[in-house]
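These notes concern the structure reproduced below.
We use all heavy atoms of the structure for the numbers below, so side chains are in, but hydrogens, waters and symmetry mates are not.
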Amino acid sequence: RSRILISIGESFGVSDEKFQKINEMVSSTDWSLKRSLDGGSAPKPLKRL
Amino acid sequence: AQECQNLEVERQRRLERIKQKQSQLQELILQQIAFKNLVQRNRQREQQTKRPPPANSVIHLPFIIVNTSKKTVIDCSISNDKFEYLFNFDSMFEIHDDIEVLKRMGMACGLEVGKCSAEDLKTARSLVPKALEPYVTEMAQGPINNVYMTTG
Amino acid sequence: RFQALQREVSELTEAEEKLDELINKCSLQLRLLTEDTVTLGYVRCQDLRNTVHPADQIIMVIRAPPETQMQVSEPTEGYQISLKSSKGPIDVFLCPED
């Protein structure tokens with residue numbers, strides 16, 4: 001399982017390429033496959049933010 | 001021959017370090033231009049409206065944004081002191097930092113992708129110190145590839 | 001060949017020193033700039049909405065104190081983002097849609 005750790009809140013200009021890595025990691029996931037891997041259970045109804 | 005070999009290795013190492021430092025300088029120049037453009041735009045707007053915008057309608061730097069589809073369900077847990085947050089997303093999202101947002105707002109005059117109009121290039125050059133102007137001109141066409149031994 | 005290499009390495013050394021000087025100056029300028037004009041260094045929700053496609057997404061804004069740890073992990077379901085601050089509360093809010 002992938003995991004990326006970043007330090008945020010630094011002053012403007014301390015940019016971090018890791019955000020790009022996170023976006024690539026997240027977008028490369030096949031969400032339907034993930035869901036089926038979870039035993040086909042429909043995602044439990046999470047409360048909306 | 002051995003000394004030539006050592007110098008060749010040294011030469012290669014320096015070339016790689018120079019390449020890395022050129023892209024670091026490029027990013028710093030982009031950030032300086034983007035930030036100055038943002039400040040200029042906000043200053044002009046405040047002069048037009050003759051007052052600063054309502055406090056709850058502005059987002060000060062530094063910040064990051066997470067954007068996701070409206071269909072995404074986000075489960076959020078927050079500690080009482082707001083020192084800790086936990087978000088669970090059931091669908092994909094994107095994370096961007098403030099400099100990326102400013103670039104997307106066009107505050108870097110398109111220099112980040114080497115597509116900068118003559119007008120924008122003039123604006124961008126006016127926002128940096130003299131010593132950086134040749135770099136900005138080069139960035140208008142693509143990544144920095146030279147080192148200008150200008151003084152100042 | 002040796003002399004040519006020697007000359008080239010010395011030019012590269014000079015170029016690298018020039019870059020170091022410019023990087024230090026630029027970093028200092030940017031830091032001073034962001035400190036001097038902190039009141040004008042802001043964006044508006046509409047600006048953020050203009051940078052995401054499609055525009056009608058959920059946009060969550062996170063403003064955190066320095067050294068806040070953000071961890072993105074892939075648990076069994078979906079994705080998880082955790083934020084941990086040691087220097088103060090973290091501000092998280094959603095950009096209004098209108």
Side-chain angles (χ1 to χ4, degrees), chain A, chain C residues 22-43 47-48 51-54 56-97:
Chain A
R1 287 191 293 179
S2 32
R3 181 188 301 256
I4 297 183
L5 194 57
I6 299 185
S7 179
I8 61 172
E10 312 311 329
S11 62
F12 174 76
V14 181
S15 63
D16 203 320
E17 278 94 33
K18 283 189 184 167
F19 289 121
Q20 209 163 331
K21 283 199 182 66
I22 289 174
N23 294 332
E24 284 156 13
M25 175 176 85
V26 171
S27 60
S28 64
T29 300
D30 178 344
W31 294 90
S32 51
L33 178 62
K34 268 181 78 67
R35 203 154 287 146
S36 63
L37 288 182
D38 296 340
S41 64
K44 59 182 186 318
L46 303 171
K47 49 185 182 310
R48 182 173 288 281
L49 181 67
Chain C
L22 286 171
I23 285 169
N24 292 332
K25 276 185 181 170
C26 256
S27 304
L28 178 62
Q29 283 161 6
L30 192 63
R31 196 166 66 245
L32 295 176
L33 190 65
T34 49
E35 284 162 7
D36 292 352
T37 46
V38 66
T39 54
L40 285 165
Y42 61 78
V43 296
D47 293 323
L48 299 183
T51 64
V52 297
H53 308 291
D56 68 338
Q57 295 189 46
I58 296 174
I59 300 177
M60 190 194 293
V61 181
I62 300 172
R63 297 198 72 248
E67 295 170 37
T68 297
Q69 294 304 304
M70 167 187 256
Q71 177 173 286
V72 180
S73 53
E74 186 187 5
T76 50
E77 323 182 324
Y79 262 95
Q80 200 169 69
I81 296 181
S82 78
L83 301 172
K84 273 197 178 61
S85 159
S86 56
K87 298 219 165 143
I90 303 167
D91 243 354
V92 177
F93 53 91
L94 294 184
C95 248
E97 293 199 10

Proximity breakdown for C:Ile62 and chain A, heavy-atom pairs closer than 4.5 Å: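 The side chain, not the backbone.
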Residue part contacting chain A, namely of C:Ile90, when any heavy atom lies under 4.5 Å: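 For C:Ile90, there is no contact with chain A at all, as no heavy atom is under 4.5 Å.
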State, to 0.1 Å, how close C:Glu67 and A:Ser7 come at their nearest heavy-atom pair, and which atoms those are.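 Scanning both residues, the minimum pair turns out to be CA-OG, 3.4 Å.
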Heavy-atom contact with chain C under 4.5 Å, split by part of A:Ile22: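 Side chain of A:Ile22 only, per the 4.5 Å heavy-atom cut-off to chain C.
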Measuring from A:Ile6:CD1 to C:Thr68:OG1, what's the distance to the nearest 0.5 Å?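 Atom-to-atom, A:Ile6:CD1 and C:Thr68:OG1 are 12.0 Å apart.
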